[in-house]
S.K.: 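Here's a structure for you.
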Amino acid sequence: MCNLYSITTNQAAIIALFRVINRYVGNLPPMPGVYPDFPAPVVRNTGGERELSMMRWGMPPPPRAGGAPVTNIRNTSSPHWRGWLRSENRCLVPANSFAEFAPERNPDTGKKDIVWFARSAARPLFCFAGIWTEFRGDRGTKSKPIPGPHLVFGFLTTAANAIVEPIHPRAMPVILTTDEEYEVWLRAPWDEAKALQRPLPDQALQIVARGDFKEDPAQAA
């Protein structure tokens, strides 16, 4: 379950790659470690144009389940998620890398390593296939709640490819890398867009860092 990623590419490059028309993010600092409930940049369609805005990471959980906001969505046949799979609720979540905990403890530290994945060592920009909504409840911490409404997002996961599977066998994020994929995800009917919920090819992903790194070490430098 991916609960940590980085986005450090500057705002101008994000706008250029994803052909954003409007932006509502203010000054966008590098984020070498994005955690659940952190505000992060998201690209969505509004009024037929692409907009870059800040949203909090974590969708409302199913009512019966309760608990924390949901960062990763796998079961797209669930009635809870089905209503947000329409094109107007889909978004692109820009990222440079993402992390998973190793399954075994490191014998030298006694802790599970944090393993960072990226397209290459250069950490080129990509995006997760996301969904978003407006949430009217409180976010933040119990001691310091932030009243809504909030724009919130999560992203889809799928079966792990051969690079992620030894570290996290259950799943990996759905990653989009081409203009055609961005356009299909944002605009196509679900019957077409759902084909994008598949693993990234093995050769398109690699491990770029491993250790006690709560931020991508290359991005935090």
Side-chain angles (χ1 to χ4, degrees), residues 1-7 9 13-21 34 36 40-46 48-53 55 57-60 62 69-100 117-120 123-133 151-165 167-206:
M1 184 171 183
C2 177
N3 277 327
L4 175 60
Y5 72 94
S6 79
I7 172 62
T9 296
I14 294 172
I15 288 169
L17 181 63
F18 299 118
R19 302 200 309 264
V20 170
I21 302 299
V34 179
V42 169
V43 178
R44 61 173 176 168
N45 274 332
T46 57
E49 297 179 336
R50 293 186 186 180
E51 171 187 285
L52 184 66
S53 60
M55 301 188 187
W57 186 16
M59 293 284 285
V70 179
T71 55
N72 298 179
I73 296 100
R74 178 75 176 267
N75 182 13
T76 54
S77 63
S78 163
H80 180 70
W81 302 118
R82 201 178 299 145
W84 289 319
L85 296 175
R86 299 167 298 183
S87 59
E88 56 263 39
N89 283 97
R90 292 186 225 136
C91 62
L92 309 176
V93 183
N96 295 95
S97 59
F98 69 93
E100 300 283 6
F117 301 88
R119 299 283 316 284
S120 74
R123 274 66 160 187
L125 186 62
F126 62 85
C127 70
F128 302 120
I131 59 175
W132 72 275
T133 191
L151 296 181
V152 298
F153 74 94
F155 48 73
L156 268 58
T157 61
T158 186
N161 68 10
I163 306 304
V164 176
E165 194 274 338
I167 304 300
H168 194 265
R170 294 193 301 275
M172 67 175 290
V174 173
I175 293 173
L176 310 179
T177 62
T178 68
D179 287 342
E180 180 182 4
E181 289 174 346
Y182 308 152
E183 185 68 13
V184 168
W185 184 250
L186 288 178
R187 295 188 181 277
W190 176 242
D191 283 348
E192 179 181 353
K194 68 182 180 181
L196 294 173
Q197 191 180 15
R198 77 287 181 264
L200 196 67
D202 299 342
Q203 68 274 15
L205 196 68
Q206 65 185 63

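Just so it is clear, the values below take in all heavy atoms, side chains as well, and ignore hydrogens, waters and symmetry mates.
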S.K.: Would you compute the distance between atom CG of Leu205 and atom CG of Leu200 and round it to the nearest 0.5 angstrom?
M.R.: 5.5 Å
S.K.: Please work out whether the ring planes of Tyr182 and Phe18 are parallel, tilted or perpendicular, with thresholds of 30° and 60°.
M.R.: perpendicular
S.K.: Among Phe155, Trp57, Phe153, whose ring-ring contact (aromatic ring centres under 6.0 Å, His included) with Phe128 holds?
M.R.: Phe155
S.K.: If only side-chain N and O atoms count, and only distance matters, is there a donor-acceptor pair under 3.5 Å linking Thr71 with Asn3?
M.R.: yes
S.K.: Does some side-chain heavy atom of Val174 sit less than 4.5 Å from a side-chain heavy atom of Gln197?
M.R.: yes
S.K.: Would you say Trp185's side chain and Cys91's backbone share a donor-acceptor pair under 3.5 angstrom?
M.R.: yes
S.K.: What's the spacing between Ser120 OG and Gln203 CD if we round to 0.5 Å?
M.R.: 13.5 Å
S.K.: What are the two closest heavy atoms between Glu181 and Ile175, and how far apart are they?
M.R.: OE1-O, 4.5 Å
S.K.: Partners of Trp132 by ring pair (Phe, Tyr, Trp, His ring centres under 6.0 Å), sequence neighbours excluded?
M.R.: none
S.K.: With sequence neighbours excluded, give me every salt bridge (charged side-chain N to carboxylate O under 4.0 Å, His left out) pair touching residues 73-87.
M.R.: Arg86-Glu88
S.K.: Just wondering, do Val34 and Leu4 contact through their side chains at under 4.5 Å, heavy atoms?
M.R.: no
S.K.: Could you state the interatomic distance from CG (Asp202) to CD (Glu165), rounded to the nearest 0.5 Å?
M.R.: 10.5 Å
S.K.: Any side-chain heavy atom of Ile131 within less than 4.5 Å of one from Ile73?
M.R.: yes
S.K.: Measure the shortest side-chain to side-chain distance between Arg44 and Leu186 over non-hydrogen atoms and say whether it is less than 4.5 angstrom.
M.R.: no
S.K.: With distance as the sole test, does Asn96 use its side chain to make a donor-acceptor pair with the main-chain N or O of Ala118 at under 3.5 Å?
M.R.: no
S.K.: Considering only heavy atoms from C-beta outward, does the side chain of Glu51 approach that of Val20 to under 4.5 Å?
M.R.: no
S.K.: For Cys2 versus Pro173, what's the shortest heavy-atom pair and its separation?
M.R.: CB-CG, 3.9 Å
S.K.: Assess the side chains of Trp81 and Thr76: does a donor N or O sit below 3.5 Å from an acceptor N or O?
M.R.: no
S.K.: Val152 and Gly58: which non-hydrogen atoms are nearest, and at how many Å?
M.R.: CB-O, 3.3 Å
S.K.: Quick check: does any side chain N or O of Arg123 sit under 3.5 Å from a backbone N or O of Ser6, one acting as donor and the other as acceptor?
M.R.: no
S.K.: Got a donor-acceptor contact below 3.5 angstrom from the Gln206 side chain to the Phe117 backbone?
M.R.: no
S.K.: Taking all heavy atoms of Pro124 and all of Arg119, pick out the closest pair and write down the distance.
M.R.: CG-CB, 3.5 Å
S.K.: Which value, rounded to the nearest 0.5 Å, describes the distance between Thr158 atom OG1 and Leu156 atom CG?
M.R.: 8.5 Å
S.K.: Taking the side chain as every heavy atom from C-beta outward, state whether Pro94 and Val43 have any pair of such atoms under 4.5 Å apart.
M.R.: yes
S.K.: Which heavy atom in Ala159 sits nearest to a heavy atom in Pro199, and how many Å separate them?
M.R.: O-CG, 3.2 Å
S.K.: Identify the two heavy atoms, one from Ala193 and one from Arg90, that lie closest to each other, and give their separation to 0.1 Å.
M.R.: CB-NH1, 3.4 Å
S.K.: Could you tell me whether the side chain of Asn161 and the main chain of Val164 form a donor-acceptor pair under 3.5 Å?
M.R.: yes
S.K.: Could you walk me through whether Val184 and Leu196 pass the side chain to side chain contact (heavy atoms under 4.5 Å, CB included) test, one step at a time?
M.R.: CA-CA 9 Å; Val184 168; Leu196 294 173; 3.8 Å; yes
S.K.: Please step through salt bridge (charged side-chain N to carboxylate O under 4.0 Å, His left out) for the pair Glu100 and Arg170, ending with a clear verdict.
M.R.: CA-CA 11 Å; Glu100 300 283 6; Arg170 294 193 301 275; over 6 Å; no
S.K.: Are any non-hydrogen side-chain atoms of Ile14 and Ile7 less than 4.5 angstrom apart?
M.R.: yes
S.K.: Could you check if a side-chain atom of Arg50 sits within less than 4.5 angstrom of a side-chain atom of Asn45, using non-hydrogen atoms only?
M.R.: yes
S.K.: Under the 3.5 angstrom rule, does the side chain of His80 hit a backbone N or O of Pro60 as a donor-acceptor pair?
M.R.: yes
